[in-house]
S.K.: 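Have a look at this one before I ask anything.
Note that the numbering runs from 1 along the sequence shown for the chain. What you see below is based on every heavy atom in this structure, not just the backbone, and it leaves out hydrogens, waters and symmetry mates. Fair warning: this is a prediction, and the values are worked out from it, not measured in the lab.
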Amino acid sequence: MAVEQENGDPGKLRPTIEEDISEEMKIKQKKYLRGEGANLEVLQDKKLKGQLAARERLFDKSAMIAARTEKWLMPTEGGYMEPEGIEKTWQIKQESIAREVDISSSKNQYDIVLPELGPYSLDYTSSGRYMALAGRKGHLAIIDVKSMDVIREIQVRETVRDVVFLHNELFFAAAQKKYTYIYNREGTELHCLKEHGPVVKLQFLKNHFLLASMNKFGQLRYQDVTTGVMIGSYRTGQGRCDVMQVNPFNGVVASGHSGGTVNMWKPTSGAPLVKMLCHQGPVMSLAFHPNGHLMATAGMDKKIKLWDLRKFEVLQQIPGHAKTMNFSQKGLLASATGSFVQILGDLNGSNKYSRYMNHSMAKGYQIQEVVFRPYEDVLGIGHSMGWSSILIPGAGEPNFDSWVANPYETTKQRREKEIRSLLDKLPPESVMLDPSKIGTLRPTWKKNKPTKLEREAELEAAVAAAKSIPLKNKTKGKNKPSKKLKKKYEAVDRAKRPFLEKQIEEENPSKKKMKTESVVDDELPKSLQRFARKKPAT
C-alpha cells in the first residue's frame, strides 16, 4: 500500500515506512535473523507449510524491530584505527589524530602543566563527566571535563597519596598524610576517617557502598559510607602494599605484594580468597578487564601477564615494564612507565594482545597513573608535571545507558538515581569470586540413606573381598586346614561387623548412649545445688 504525496500528484506515490528500508537497515536486519529461511516449497502438508510461513514472517518482523531499535538507541558505532598498506597503528602520532577528528573530540587532547604540585593521581565518575585530581603536594580539584570548568579546587597543605570518587560527583575521598578525609563537591571537609591510618591506596565498591583502603602498614579496611560502620579490618601480613584494585565484576579487592603474590579479599573474611604467585619479583601494578574474567599484572621481572581468572592460568606473557595499568571499557590495556605510554589491544578477538598505540610524553615527565575515561576515547595521564589527556580511538563504549550512567543527568535525575542505588545496595556478604551462586540452593551435606539392596550388595562385596585375601604359609603346625578356615571365618566376621553395628543402631535407637542432664532440686540452697544427683534424661 502506498500513500499519495503532499502535492496531490496521484501518479507519484510516496512509499510507506515499511517499504522505505535502506540498505543499512537491511544489513542490521541480517544481523538479527536466525540464518536463512526454510525452503517451504518442498513441503506437501499445507497446514505445516502455513505454520512455518507464519513463523518465518514473525522472525523477519522481530529482526526488523531489533534493527530499528538499534538504529535509534545505539546511533554510534565503535571501531579501531585501520592502517593502510604497510602502515602500523602504533606509528600514528597524536598530532595526526588531532587533525582528523572533529572539534569537540580535539578538545579532549590537552596538557596541563603544574610542576610545583605533582605528581598527580586522578579518577573519573562512572559517567565520565567529572574528574577528581590529587597532587602529591596537597592540591585537590574537581573538573567538569565536558566544559573544562573547575568546579572546586582546594589546597590541604599536606601530602595526598590517592583520590577516589564515591557513588557520585558530590563526594570524594582523599588519602592524606595521616588520615583519610571525605569532602563534598564544594571542598568542605565532611569526615575524618582516623581508623584507616596513613592510607596509600583507595578504592570504592559502588554496588556495596564500601570504601576500601590499604595503609602503609599493610592493613586492609572496609568502611560502609552510608552508615559509617567499619565492616572489616585485616592484616595482609606481607608488609607495605602500594598496588590495589577492585574487580568490577564481583567486588573482590586484589592487592599486589613485594613477594610477587596477588591476594584477593572480601569484606567478611580475614583470610584471602585466592593467593596467586604471579611474578618472581615485586608486583608493580595490576588491572581488571570490565568483564571481570581477565586480569593483567606487571612485575619487577619485566613481564606483563594476562590471567584467566576462571581457571587462574596465564593466557599471555608480554615482555615489558609497567608502573601503572588500566583497562578501557572496550578492553584496551594501557600500561605506562617513565614517560612512555603503550596501548595494547585484542583487535581480532583471539585473546592475544598486541601493540595498538604508543605515546611518549615530554622528556622528564614521570607518569604516576593512567585512567581511561568512560564513554569516551580518552586516556587521562597523571604525571610529575601535571596531567594530560590523549585520544585513543576505540577505547570507550560508544553508547551509554542513561539508567546506568548518564553524562547529561540533571539534579533531579541524580537524586533519583542515588535513592535507587541505595535501595539496591548489596550487603558485604555478596562479595564472592562467583556472584552467580547468589540465589542458588546450598547443596545438602547429609548423604541419603542407602537402600536395603545397596546395603546387601556392599555387605556381599565386603565378604567376597575378605574371602579372597590370601593366607601365608606357616610351619610348625600353624598351616593346618582347620586353622586356615578359622582365619577366613574371622576375616569375614570383621568385614560384617560395621554393617551389623549400623543395622542395630538403626533398629534400636534407644540403646544409644543417653545424655545426662543435671536435675537440681529447687528446694536446696544454691550452695548445695552442685551436689545434687545427676539423673539420666528421659
S.K.: Nearest 0.5 Å please: distance from the CD atom of E376 over to the OG atom of S328.
M.R.: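 One finds 13.0 Å between CD of E376 and OG of S328.
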S.K.: Test side chain to side chain donor-acceptor pair (under 3.5 Å) on N108 and R373 and set out the steps.
M.R.: CA-CA 10 Å; N108 293 322; R373 180 179 162 190; 3.2 Å; yes
S.K.: Minimum heavy-atom separation for I182 and L193, please, with both atom names.
M.R.: CD1-CD1, 4.1 Å
S.K.: Take V163 and F172 through the side-chain contact (heavy atoms from CB on, under 4.5 Å) test and state the conclusion after the steps.
M.R.: CA-CA 7 Å; V163 65; F172 66 95; 3.8 Å; yes
S.K.: Main chain of Q329, side chain of E397: is a donor-acceptor contact present, judged purely on distance under 3.5 Å?
M.R.: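 No: the side chain of E397 does not pair with the backbone of Q329.
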S.K.: Which distance, rounded to the nearest 0.5 Å, do you find between the OG of S255 and the CG of L286?
M.R.: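 If I round to the nearest 0.5 Å, the distance is 8.0 Å.
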S.K.: Using 0.5 Å steps for rounding, measure from the CD1 atom of I381 to the CD1 atom of I367.
M.R.: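 Atom-to-atom, I381:CD1 and I367:CD1 are 5.5 Å apart.
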S.K.: Can a donor-acceptor pair be found, under 3.5 Å and without considering hydrogens, that links the side chain of R152 to the backbone of E186?
M.R.: yes
S.K.: Can a salt bridge be assigned to the pair D144 and K146 using a cut-off of 4.0 Å between side-chain N and carboxylate O?
M.R.: no
S.K.: Ignoring hydrogens and geometry, is there a side-chain-to-backbone donor-acceptor pair from S105 to D102 under 3.5 Å?
M.R.: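 Pair absent, no side-chain N/O of S105 close to backbone of D102.
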S.K.: Check the surroundings of atom CZ in R415: do more than 12 heavy atoms from other residues, nucleotides or ligands lie under 6.0 Å from it?
M.R.: no
S.K.: Is the CD atom of Q280 crowded by more than 12 outside heavy atoms at less than 6.0 Å?
M.R.: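 Count not over threshold, so no.
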S.K.: Side chains of M295 and M276: closer than 4.5 Å at any heavy-atom pair?
M.R.: yes
S.K.: Which heavy atom in Y375 sits nearest to a heavy atom in S126, and how many Å separate them?
M.R.: CE1-O, 3.5 Å
S.K.: Is Q413 reaching over with its side chain to a backbone N or O of T410, donor-acceptor style, under 3.5 angstrom?
M.R.: yes
S.K.: Distance check, rounded to the nearest 0.5 Å: L333 atom CG versus I304 atom CD1?
M.R.: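 So the gap between those two atoms works out to 7.0 Å.
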S.K.: Is there a donor in the side chain of Q94 and an acceptor in the side chain of Q109, or the other way round, less than 3.5 Å apart?
M.R.: yes
S.K.: Indicate whether any N or O donor in one side chain lies under 3.5 Å from an N or O acceptor in the other, for R221 and S213.
M.R.: no
S.K.: Applying side chain to side chain donor-acceptor pair (under 3.5 Å), run through H257 and T236 and close with a yes or a no.
M.R.: CA-CA 9 Å; H257 301 277; T236 59; 4.5 Å; no
S.K.: Give the minimum heavy-atom separation between Y110 and V145, together with the two atoms involved.
M.R.: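 Looks like OH-CG1, 4.5 Å.
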S.K.: Just do the side-chain contact (heavy atoms from CB on, under 4.5 Å) check on L133 and D123 with the steps written out, would you?
M.R.: CA-CA 7 Å; L133 294 163; D123 186 38; over 6 Å; no
S.K.: Establish, yes or no, whether a centroid distance under 6.0 Å links the rings of F171 and Y183.
M.R.: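 F171 vs Y183: aromatic centres not under 6.0 Å.
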S.K.: Considering all heavy atoms of both residues, which atom of I97 and which atom of P393 are nearest to each other, and what is their separation?
M.R.: CD1-CD, 4.3 Å
S.K.: Name the orientation class of the two ring planes belonging to Y408 and F400 (parallel below 30°, tilted from 30 to 60°, perpendicular beyond 60°).
M.R.: tilted
S.K.: So D434 and N250, side-chain contact (heavy atoms from CB on, under 4.5 Å) or not? Walk me through it.
M.R.: CA-CA 7 Å; D434 186 8; N250 51 22; over 6 Å; no
S.K.: Given the rule in the side chain to side chain donor-acceptor pair (under 3.5 Å) test, do T226 and K425 qualify, once you have shown the distances and angles that lead to the verdict?
M.R.: CA-CA 10 Å; T226 60; K425 173 187 169 185; 2.8 Å; yes
S.K.: Measuring only between side-chain heavy atoms, which start at C-beta, is D149 closer than 4.5 Å to I143?
M.R.: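 They are not in side-chain contact.
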S.K.: Are H293 and F249 an aromatic pair, judged by ring center distance below 6.0 Å?
M.R.: yes
S.K.: I'd like to know if the side chain of Q368 reaches the main chain of S384, judged simply by a donor and an acceptor atom lying under 3.5 Å from each other, with no hydrogens or angles considered.
M.R.: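 Between the backbone of S384 and the side chain of Q368 there is no qualifying donor-acceptor contact (under 3.5 Å).
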S.K.: Less than 4.5 Å apart, any side-chain heavy atom of Y356 and any of L332?
M.R.: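 Yes; the side chains approach each other to less than 4.5 Å.
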S.K.: Check the pair N215 / T180 against side-chain contact (heavy atoms from CB on, under 4.5 Å), numbers first and verdict last.
M.R.: CA-CA 10 Å; N215 63 19; T180 299; over 6 Å; no
S.K.: Is there side-chain contact between L273 and W265, with at least one heavy-atom pair below 4.5 Å?
M.R.: no
S.K.: Quick check on M300: does its CE atom have over 12 non-hydrogen neighbours (other residues, nucleotides or ligands) under 6.0 Å away?
M.R.: no
S.K.: Check for a donor-acceptor pair, side chain of D401 on one end and backbone N or O of A405 on the other, with a separation under 3.5 Å.
M.R.: no
S.K.: Specify whether F209 and H167 have parallel, tilted or perpendicular ring planes, treating 30° as the upper limit for parallel and 60° as the lower limit for perpendicular.
M.R.: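 Aromatic pair F209/H167 classed tilted.
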S.K.: Any chance the rings of Y179 and H196 have centres within less than 6.0 Å?
M.R.: no
S.K.: Compare every heavy atom of D224 with every heavy atom of I231, then report the nearest pair and how far apart it is.
M.R.: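 Scanning both residues, the minimum pair turns out to be CG1-N, 4.1 Å.
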S.K.: At what distance, to the nearest 0.5 angstrom, does NZ of K216 lie from CZ of R240?
M.R.: 7.0 Å
S.K.: With a 4.5 Å limit on heavy-atom distance, are the side chains of K177 and P198 in contact?
M.R.: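 Not touching, per the 4.5 Å side-chain cut-off.
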S.K.: Would you say CD of E82 has more than 12 non-hydrogen atoms from neighbouring residues, nucleotides or ligands within 6.0 angstrom?
M.R.: no
S.K.: Do the two ring centres, one from H359 and one from F340, sit under 6.0 Å apart?
M.R.: no
S.K.: Please determine whether the number of non-hydrogen atoms from other residues, nucleotides or ligands lying under 6.0 Å from atom NZ of K206 exceeds 12.
M.R.: no
S.K.: Check whether any side-chain heavy atom of Q219 sits under 4.5 Å from a side-chain heavy atom of M214, and report yes or no.
M.R.: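 They are not in contact (no side-chain heavy atoms under 4.5 Å apart), so the answer is no.
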S.K.: Measure the CD-CG distance between Q316 and L344 for me, rounded to the nearest 0.5 Å.
M.R.: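 Taking CD in Q316 and CG in L344, the distance rounds to 8.0 Å.
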S.K.: Answer yes when E409 and R414 have at least one side-chain N-carboxylate O distance shorter than 4.0 Å, and no when they do not.
M.R.: no
S.K.: Just by distance, do the side chain of R129 and the backbone of P407 share a donor-acceptor pair under 3.5 Å?
M.R.: yes
S.K.: Please examine the side chains of L433 and M264, heavy atoms only from C-beta on, and report whether any two atoms are closer than 4.5 Å.
M.R.: yes
S.K.: T324 side chain to E369 main-chain N or O, any donor-acceptor pair under 3.5 Å?
M.R.: no
S.K.: Under 3.5 Å, is there a donor-acceptor pair between the T261 and Q238 side chains?
M.R.: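 Their side chains do contain a donor-acceptor pair, which is all the 3.5 Å distance test asks for.
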S.K.: Before giving the answer on ring-ring contact (aromatic ring centres under 6.0 Å, His included), spell out for H139 and Y120 the whole-Å C-alpha distance, their side-chain angles and the decisive distance to 0.1 Å.
M.R.: CA-CA 9 Å; H139 180 217; Y120 274 85; 5.8 Å; yes
S.K.: Within the 4.5 Å heavy-atom criterion, are R161 and Q176 side-chain neighbours or not?
M.R.: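 No, side chains not in contact.
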S.K.: List the steps, then state whether side chain to side chain donor-acceptor pair (under 3.5 Å) holds for S339 with H383.
M.R.: CA-CA 8 Å; S339 59; H383 47 79; over 6 Å; no
S.K.: S388 and D111: which non-hydrogen atoms are nearest, and at how many Å?
M.R.: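 Distance-wise, the nearest heavy atoms are OG-OD1, 2.5 Å.
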S.K.: I'd like to know if the side chain of N247 and the backbone of G292 have a donor-acceptor N/O pair within less than 3.5 Å.
M.R.: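 Checked: pair present.
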S.K.: Please identify which of these residues, F372, F327, W307, meets the ring-ring contact (aromatic ring centres under 6.0 Å, His included) condition with H289.
M.R.: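 That would be F327.
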S.K.: Counting distance only, does the side-chain N/O of S269 pair as donor-acceptor with the main-chain N or O of K266 below 3.5 Å?
M.R.: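 Between the backbone of K266 and the side chain of S269 there is no qualifying donor-acceptor contact (under 3.5 Å).
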